[in-house]
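Below is one structure, written out as structure tokens, with a few remarks after it.
Numbering of ligands and ligand atoms starts at 1, following listing order.
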Amino acid sequence: MSTSHVLILAAGKGTRMKSGRPKVLHQVAGAPMIDYVLTTAASLGAATRTVVVGHEADLLRSALAAYPDLRFVLQQPQLGTAHAVMQAEPLFAGVRGTLVLLSGDVPLLSADTLRTLLARHQETGAAATVLTAVVDNPFGYGRVVRDGDEVLRIVEQRDATPGEREIREINSGIYAFDLEPLFPALGQVASDNAQQEYYLPDLVAIYRRAGRRVAAYAVDRPEEILGINTRGELAAMSERVWQARRVALMASGVTLEDPATTYVGKDVVVGADTVIRPGVSLLGRTTVGARAVIHAGVRIVDSELGDDVTVLDHCLVVGARIAEGVAIGPFAHIRPESEICAGARVGNFVELKKTRLGAGSKAGHLAYLGDATIGEKVNIGAGTITCNYDGVNKNRTVIEDGVFIGSDTQLIAPVTIGRGAYVAAGSSITKDVPAGALGIARGRQENKEGWATLKKVQQKAEKKT
Ligand code: UD1
Ligand code: CA
């Protein structure tokens, strides 16, 4: 087999999206559509991978910075798909082999189909092989005009005659090209069409005229090559992908009480016998253990939850670790770099940020715990606030094992509450509290005996006069 190279077209404005952002960065089921294309491309083991960028090129480049060894080519202005490929010519000077061309807006292509396309192309020795599909509604796609097995040309929707519009075999926008004749032939593509653009599919007719063979490979599952041009299509494709994940999750032993409102990202792992109630999103690199219960309206992103965890209604958990058996919520907000250890409890309206809540510790109600290290068996009273920010720096609060923090306490960081200490309710703690001590920092109460009774007598007397 000859060497293969992948080129992905992603420079177009995506006019029909009516968006300021590159189309390929719009999300399909929780991930940018181009991520799907890049993942499939990677499976091919090609020698190089290159993306043609143009519209909002810098935004796209930086969004793809995490992909190693990705090359970029700039297409400015964007004059059509053939013009886009031509911009890559300098990169392929003197390079031989196969160029696999992918479209950034066709995300569902499978690795299997791509491998088969490449294998067929290399077997037949055609100058180009077009991936096609026979669909019920070909509207908007380029139509494949054939004479038996021979592909004669591809005609765009806007340029097709009424007869050609009846053709149901469409161009996927995915091709394998022999590199050798490709760039010279691209030079012959003209822009005398409805959009005044240089159309890559015009290569088919150009190759035919030059006596070169063009093959077509029709996919079995047309849904793989659906392209996204509008927000309606984006939503429809997202739904298709979400639905496939729901089905897979249920098949793996997870209960979805309302599958239609459950949204699960592609890298999410959920253990068997976990129950997911309505309106739940599990996204990013999230793992949920077995036998967990995720109640309604919860969103969990990039987090690790152990077995038997309960997340009560309307919690948001991002970048956190929750040990097995822990219950949180309702209405808890667990922010990045937080860890809730075994046997701990986080109740309603509690926010954690960069905070470790030790084993068996409890923050039951209405608290903000930020930049805090909290030991084991600590009780955090209702309304406790770690004042971690002094306007310039974030400071840490350390609460050692067995501490009791009374309700409505402010812990003004940096501050340490020693092992087993008590902090009296309503305190503003500015100094460390030693182990075993009571810290109390609040106005002292004074009772004025008879004051209220006397006041009422005076008020009645004033009314009479
Ligand atoms: C294209 C094909 C059509 C095919 C369909 C499949 C052409 C002329 N038509 O139509 O036959 O059925 O895909 O989905 O190729 N792009 C650039 N630079 C440009 C223009 C486009 O990089 O100057 C990129 C886009 O970002 C996109 C891809 O090429 O990723 C396809 O462009 P798009 O305008 O969506 O082509 P379609 O009209 O869908
Ligand atoms: Ca398209």
Is there a polar contact between ligand 1 and [X], counting only N or O atoms under 3.5 Å apart?
{"X": "Val106", "value": "no"}
{"X": "Glu156", "value": "yes"}
{"X": "Arg16", "value": "yes"}

Which atoms of ligand 1 sit under 4.0 Å from any heavy atom of [X]?
{"X": "Leu79", "answer": "23 (O)"}
{"X": "Gln75", "answer": "17 (C), 18 (N), 19 (C), 22 (O), 23 (O)"}
{"X": "Gly80", "answer": "18 (N), 19 (C), 20 (C), 23 (O)"}

Taking Lys394 first and then Asp371, would you say they form a salt bridge - that is, a charged N and a carboxylate O separated by under 4.0 Å? no
Are Arg291 and Asp308 close enough for a salt bridge, meaning some N to O gap below 4.0 Å? yes
Proximal protein heteroatoms (N, O or S) of the Ca ion (ligand 2), under 3.0 Å: Asp105 OD2, Asn229 OD1
Donor-acceptor pair, Arg212 side chain versus Ala127 backbone, under 3.5 Å? no
Answer with yes or no whether His55 contacts ligand 1, where contact means a heavy atom under 4.0 Å from a ligand atom. no
I'd like to know if Asn229 contacts ligand 1, where contact means a heavy-atom distance under 4.0 Å to any ligand atom. yes
What residue and heavy atom of the protein are closest to atom 35 (O) of ligand 1, and at what distance? Asp105 OD2, 3.1 Å
In terms of residue, atom name and distance, what is the protein heavy atom nearest to atom 5 (C) of ligand 1? Asn171 O, 3.9 Å
Could you pull out all residues at least two apart from Asp390 that satisfy side-chain hydrogen bond (donor to acceptor under 3.5 Å, both in side chains)? Asn395
